[in-house]
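Both counts, for ligands and for their atoms, begin at 1 and track the order of listing. Residue numbers run from 1 in the order of the sequence given. Atoms considered below: every heavy atom in the structure, side chains included; atoms not considered: hydrogens, waters and symmetry mates.
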Amino acid sequence: MATLEAVILAAGQGTRMQSSLPKVLHPLCGKPMLEHVVGLSIRLGATSPIVVTGHQAELVEGALPDWPLRYARQPELLGTAHAFLVAARRYQLGSAGQILLMYGDTPLLTEWTLNALLAAHRRQGGGLVLLSAELADPHGYGRVVRSGQEVLAVVEEKDASPEQRQLREVNSGVYAMDGRAAALAEKIPPSPVSGEYYLTELIAQYRSAGLPVSALAVSDPEEIMGANDRAQLATAARVMRRRINRRHLLAGVTLIDPEATYIDDGVQIGRDSLIGPGALLLGRTEIGEGCQIGAYSQLKDCYLADRAAVASHSNLEGATLAEGASAGPFARLRPGSQLDQGVQVGNFVEVKNARLGQGTKAGHLAYLGDAQIGREVNIGAGTIFANFNGLKKSETRVGDGAFIGSNAVLIAPLLVGRGAMVAAGSTIYQDVPEGSLAIARQRQQNLADRARKFWSAHRGELAAKHPVLLAWLEHTEKEVPLER
Ligand code: UD1
Ligand code: CA
């Protein structure tokens, strides 16, 4: 098969984005717009797509380091034909079998549609096939002027006659061409009105060379939608989100409310997993089979093995949950959190850079930072791993089967041995040997009748505020009078 070269125009400024970020780098479902177009062109068979840059070229050229891209820089933005020429000259596109030209800000095109475009171009035996769309409101687009199957011209809105403005078939800006486009584009004259070089003028060039020009209309005009401002970006994101969610639904994932589920492109979810409303699954998150993600939880770059569960309102980033592990509701797992099989992390527990061994439980209100925690450890409510001394972070290690009582403070670096216990309310700063009980809190004193005397001294206020307490006080005084 003839080699396919993809050229992606991305030099424009994108003023309407009102942003310091170049338009094509604005993210859509977790990836820059440009990356969606690049990925698409590679799936279609382009081995090294050419991206034409101009405005903020360095930023754009540095944004996708993992893709096999080539760049052509447009020194001055002289129009779409000039942008194409810069690429064609730099990479000798004259010898290309097929050239696919796209814009970096049109991220909703599908592989299916572009394959159809390339196939139509092959069937035509060369020349040019442009991708068109029938729009209810064609305003702003170049109109396709036809004579039957033949395309005579694309006329830009501002140059169109009143009759031509009535045409609803518009140019998407996507073209399949042969290598001759490189030489033909050299002949395009600047527009007498704007001085810009219009790629749509290729149509006239191909036609005067006696080569065929036609148009293929997309079945769903949504596909050619560009994202020029934030409103269009939000609309495009909604379209892409629907597609992503539909793909997961059809692959056996339950989404309680697909309209309110936000899944980035590239997230993987296994069958029979259930995703609650308002969930955000972001970045490179991977979720196994039979998992549950509760409502309003956010997971970014997380890995969940089969049957792991995240209850509602949890926030996880860079966390790993082994089979059957669970977190939340209201759990916060920061990067480096690793929950082994069957671990339970409950509400208002924060974990950072810590591994919790199989069967360990931290049910409520704790901070576990920089730690190695063994298997079957119980971490009581309110436990704090004090990992920071104002200058550096230190590690806490807790052996298998240890029991940490509620409201303990474990000051790192610290080692709590296997099977050891830490009494509730203790502040521990020395290692606890295997099997020992550490208590580090003041002994309790009970001061007899001290409270009763206090209530009695404030007797006047009790009648209004605490009638039950007053009744009890009077009752005790009948039995055991208070000493004065
Ligand atoms: C272009 C088409 C129009 C079509 C529309 C679809 C031309 C003359 N017109 O119009 O028929 O209906 O797209 O959206 O081609 N760019 C560069 N370098 C430049 C100029 C543009 O890289 O010098 C890039 C822009 O970043 C953008 C794309 O090319 O991604 C389209 O350019 P734009 O100026 O928006 O073309 P339109 O006027 O919208
Ligand atoms: Ca445009």
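- The existence of a salt bridge linking Arg73 and Glu61 is confirmed by a sub-4.0 Å separation between a basic side-chain nitrogen and an acidic carboxylate oxygen.
- Residue-to-ligand polar distances place Thr80 within reach of ligand 1: an N/O pair is separated by less than 3.5 Å.
- The heavy atom nearest to atom 23 (O) of ligand 1, considering only Gly79, Gly12, Ala72, is found in Gly79.
- Residue Arg246 places its CZ atom among 12 or fewer non-hydrogen atoms of other residues, nucleotides or ligands, all under 6.0 Å distant.
- Contact annotation: for Glu156 versus ligand 1, heavy atoms closer than 4.0 Å belong to the side chain alone.
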**Request:** Before giving the answer on side chain to side chain donor-acceptor pair (under 3.5 Å), spell out for Thr113 and Glu223 the whole-Å C-alpha distance, their side-chain angles and the decisive distance to 0.1 Å.
**Result:** CA-CA 9 Å; Thr113 294; Glu223 281 196 34; 2.8 Å; yes
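- In terms of N/O distances under 3.5 Å, ligand 1 is approached by Tyr103.
- Residue Val52 places every heavy atom at 4.0 Å or more from ligand 1.
- Atoms of ligand 1 found under 4.0 Å from any heavy atom of Leu77, numbered from 1 in the order shown, are 23 (O).
- Proximity of Val154 to ligand 1, defined as any heavy-atom pair under 4.0 Å, is confined to the side chain (atoms from C-beta onward).
- Residue-to-ligand polar distances keep Tyr175 apart from ligand 1: every N/O pair is separated by 3.5 Å or more.
- For Arg355, the CZ atom sits in a loose shell: 12 or fewer heavy atoms of surrounding residues, nucleotides or ligands are nearer than 6.0 Å.
- Salt-bridge annotation for Glu169 and Arg146: present, with a side-chain N of the basic residue lying under 4.0 Å from a carboxylate O of the acidic one.
- Of all the heavy atoms of Glu196, none lies under 4.0 Å from any atom of ligand 1, so neither backbone nor side chain is involved.
- Results of the side-chain contact (heavy atoms from CB on, under 4.5 Å) test with Gln292 over Asp272, Leu274, Ile275 single out Leu274 as the only residue that passes.
- At a 4.0 Å heavy-atom cut-off, ligand 1 touches Ala83 through the side chain alone.
- In this structure, Arg284 does not pair ionically with Asp301, as no charged nitrogen and carboxylate oxygen lie closer than 4.0 Å.
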**Request:** Evaluate salt bridge (charged side-chain N to carboxylate O under 4.0 Å, His left out) for Arg143 paired with Glu156, printing each intermediate quantity in order.
**Result:** CA-CA 6 Å; Arg143 308 296 205 283; Glu156 296 304 308; over 6 Å; no
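- Of the N or O atoms in Gly142, one or more lie within a sub-3.5 Å distance of an N or O in ligand 1.
- Residue-ligand proximity, Asp105 to ligand 1, at heavy-atom distances under 4.0 Å covers atoms 30 (O).
- For the ligand labelled ligand 1, residue Gln74 lies inside the 4.0 Å heavy-atom shell.
- Each of the atoms 22 (O), 24 (C), 29 (O), 30 (O) of ligand 1 lies under 4.0 Å from some heavy atom of Leu9.
- Electrostatic pairing of Arg334 and Glu317 does not count as a salt bridge here, judged by no charged N lying under 4.0 Å from a carboxylate O.
- When the heavy atoms of Asn171, Leu130, Thr53 are ranked by distance to atom 5 (C) of ligand 1, first place goes to Asn171.
- For the pair Asp370 and Lys393, the salt-bridge criterion is not met [side-chain N within less than 4.0 Å of a carboxylate O].
- The backbone of Ser172, and not its side chain, has at least one atom closer than 4.0 Å to an atom of ligand 1 (non-hydrogen atoms only; backbone = N, CA, C, O).
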